[in-house]
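The structure under discussion appears below in the form of structure tokens.
Scope of the values below: all heavy atoms of this structure, side chains included, with no hydrogens, waters or symmetry mates.
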2 protein chains.
Amino acid sequence: MQSRTPAPRATGRPRNAKADAAILAATREALVELGWSKLTLGDVAMRAGVAKTTLYRRWAGKNELVVDAVAELFDELRLPDRGTLAADIEGVVLQFAAILARPEAKSGLMAVVAESIRDDALRERIRESIVDRQKRLVLEGRARAQRRGELPAETDPGEAARTVDLIFDVVAGAVVHRTLVSAEPADEEWVRSFTRVLLLGLSGASQAP
Amino acid sequence: MQSRTPAPRATGRPRNAKADAAILAATREALVELGWSKLTLGDVAMRAGVAKTTLYRRWAGKNELVVDAVAELFDELRLPDRGTLAADIEGVVLQFAAILARPEAKSGLMAVVAESIRDDALRERIRESIVDRQKRLVLEGRARAQRRGELPAETDPGEAARTVDLIFDVVAGAVVHRTLVSAEPADEEWVRSFTRVLLLGLSGASQAP
DNA sequence: CCATTACGCTACGACTCGTAGCGAAAGCTC
DNA sequence: GAGCTTTCGCTACGAGTCGTAGCGTAATGG
């Protein structure tokens, strides 16, 4: 989770473990109050009660710090077992929407994604910390639905991987766009409509190649 | 398109009309070379061959300037008439993907959307300049498909509006997520798969309420 | 006790921001 | 052409942030 995790040495004064949590919490607090553009590392350091230099010793810069601070928000994502694929999808999408409704997630996530366009290392960091963790939910959900018989077992593994990627882009993209661009809540009614379209599209697409 | 369009006065020295175009072009050029975070208004002014003060007289700040610069990229979006709804959708999605593949669009769009979270006026500006212009394509496409008989005529206008919003969030969100977060090209193969899922989902959803 | 590392603090040059003030330029009306 | 109005280019400025260097001190392990 930390920036470098510089192979914890056996000798020397150990890092203050509480400082990491305090800094990340202070970062989220600053994101809520100030937003991305007005957030400064000096301000975060003051909120966390550490020196600015300590912050720079642990993180390379604002981008990396905010990625870690936002990534913690997505740790609470779980795949519920509600009995049917539709209900499972609705549940996880609602969780995702609830996280994205929080101002610290909105402010931070889009900004670091924008920065990642010109920073491959940052994009990889985002992928590891945030994106891949959600994609696992799609994989689990599909496997569970196949066990239930709600989805046909995949034959071509390459095709299956492409389908998972497609689903992920559609789900995450739609919720993000609804929440951040359209600025409308992804509430239960919207999620229900969206899930119906997605499920019909997927079952139909696999039936008629 | 300009920032203020301050009710063009009949008296006084008129604004240099070419300066606007030069500034917006310089902004896109700087977005490509520097990206959002390293783009400075002083640099843009130098590229455009105008004084920095002139730039501040026409735009309130970096956000508004970049919105206008990016908005021009979306002016070329057209709804092709390829005979079928599926082909029409594929065509417009491919155009959208082509625009988003350009680095000036990537760098600028996500950044201003991120900023718009804490700036309602900026979000409204984005909506007017970029979002609503695309949403019109969805409306036209649906109307055309209904004339062809590919989609049933809508009964409840409120329900129809919600459906259009849903389609728009799904299409734009999926393409943006694919291009910017997954960092994979939205090429013909992907667009074909996506369109199939979307169409099956929509026709099925309207058949079975 | 000593080597090693982390920490808090101060200070620093470099950079960007957004604005103010100035004289000159370019249009309109009379 | 005279006079008015607005824009333009230029310079300068205080304020704020960045990221780093240097220093003395604190906290571990050998």
Side-chain angles (χ1 to χ4, degrees), chain A residues 1-24 26-27 30-31 33-66 107 111-112 115 118-119 121-122, chain B residues 2-24 26-27 30-31 33-67 107 111-112 115 118-119 121-122:
Chain A
M1 188 64 64
Q2 296 103 332
S3 177
R4 309 173 184 168
T5 319
R9 290 155 185 75
T11 175
R13 175 178 176 175
R15 283 189 172 174
N16 182 352
K18 294 180 181 175
D20 266 24
I23 291 170
L24 292 176
T27 303
L31 276 176
E33 294 183 18
L34 305 173
W36 162 268
S37 59
K38 293 183 180 175
L39 180 150
T40 69
L41 295 197
D43 183 88
V44 170
M46 193 182 312
R47 290 171 188 265
V50 302
K52 192 175 65 165
T53 44
T54 297
L55 213 156
Y56 275 102
R57 289 187 187 104
R58 303 194 182 197
W59 280 275
K62 189 169 162 176
N63 293 335
E64 290 76 9
L65 174 62
V66 171
S107 302
V112 293
E115 291 299 310
R118 297 188 55 84
D119 186 340
L122 182 63
Chain B
Q2 297 103 331
S3 175
R4 308 170 187 172
T5 320
R9 290 156 184 74
T11 176
R13 174 177 176 175
R15 283 189 173 174
N16 184 350
K18 295 179 182 175
D20 266 23
I23 291 171
L24 293 176
T27 303
L31 276 176
E33 294 183 18
L34 306 174
W36 162 268
S37 58
K38 293 183 181 175
L39 180 150
T40 68
L41 294 197
D43 183 88
V44 171
M46 194 182 312
R47 291 172 188 266
V50 302
K52 191 174 66 164
T53 44
T54 296
L55 213 155
Y56 275 102
R57 288 187 187 104
R58 303 193 182 197
W59 280 276
K62 189 169 164 177
N63 293 336
E64 290 76 9
L65 174 63
V66 170
V67 169
S107 302
V112 294
E115 290 299 311
R118 296 188 56 83
D119 186 338
L122 182 62

Separation of atom [atom1] in [X] from atom [atom2] in [N], rounded to whole Å:
X: B:Lys18; N: D:dC8; atom1: NZ; atom2: P; result: 14 Å
X: B:Met46; N: D:dG9; atom1: CE; atom2: C1'; result: 13 Å
X: A:Leu55; N: C:dC9; atom1: CG; atom2: C1'; result: 15 Å
X: A:Ile23; N: C:dC7; atom1: CD1; atom2: C1'; result: 11 Å
X: A:Trp59; N: C:dC7; atom1: CH2; atom2: P; result: 10 Å
X: A:Leu65; N: D:dC18; atom1: CG; atom2: P; result: 11 Å

Residues forming a side-chain contact (heavy atoms from CB on, under 4.5 Å) with [X], sequence neighbours excluded:
X: B:Ala22; answer: B:Ala48
X: A:Ala45; answer: A:Val50, A:Lys52, A:Leu55
X: A:Thr27; answer: A:Ile23, A:Leu39, A:Val44, A:Leu65, A:Val66, A:Ala69
X: B:Ser37; answer: A:Glu115

* Residue-phosphate contact under 4.0 Å: B:Thr54 side-chain N/O, D:dG9 OP1/OP2 -> yes

* **Inter-residue atom distance A:Trp36.CH2 - B:Arg118.CZ, 0.5 Å rounding** => 14.0 Å

* Where the side chain of A:Ala51 is concerned, which of D:dC8, C:dA6, C:dG8 is the nearest nucleotide? -> C:dG8

* Structure fact -> For nucleotides 10-24 of chain C, 5' to 3', base contacts (B), sugar-phosphate-only contacts (S) and non-contacts (-) with protein non-hydrogen atoms under 4.0 Å give ------SSBBB----

* **Any residue meeting salt bridge (Lys or Arg N to Asp or Glu O under 4.0 Å) with A:Arg13, in chain and number order, not counting sequence neighbours** => none

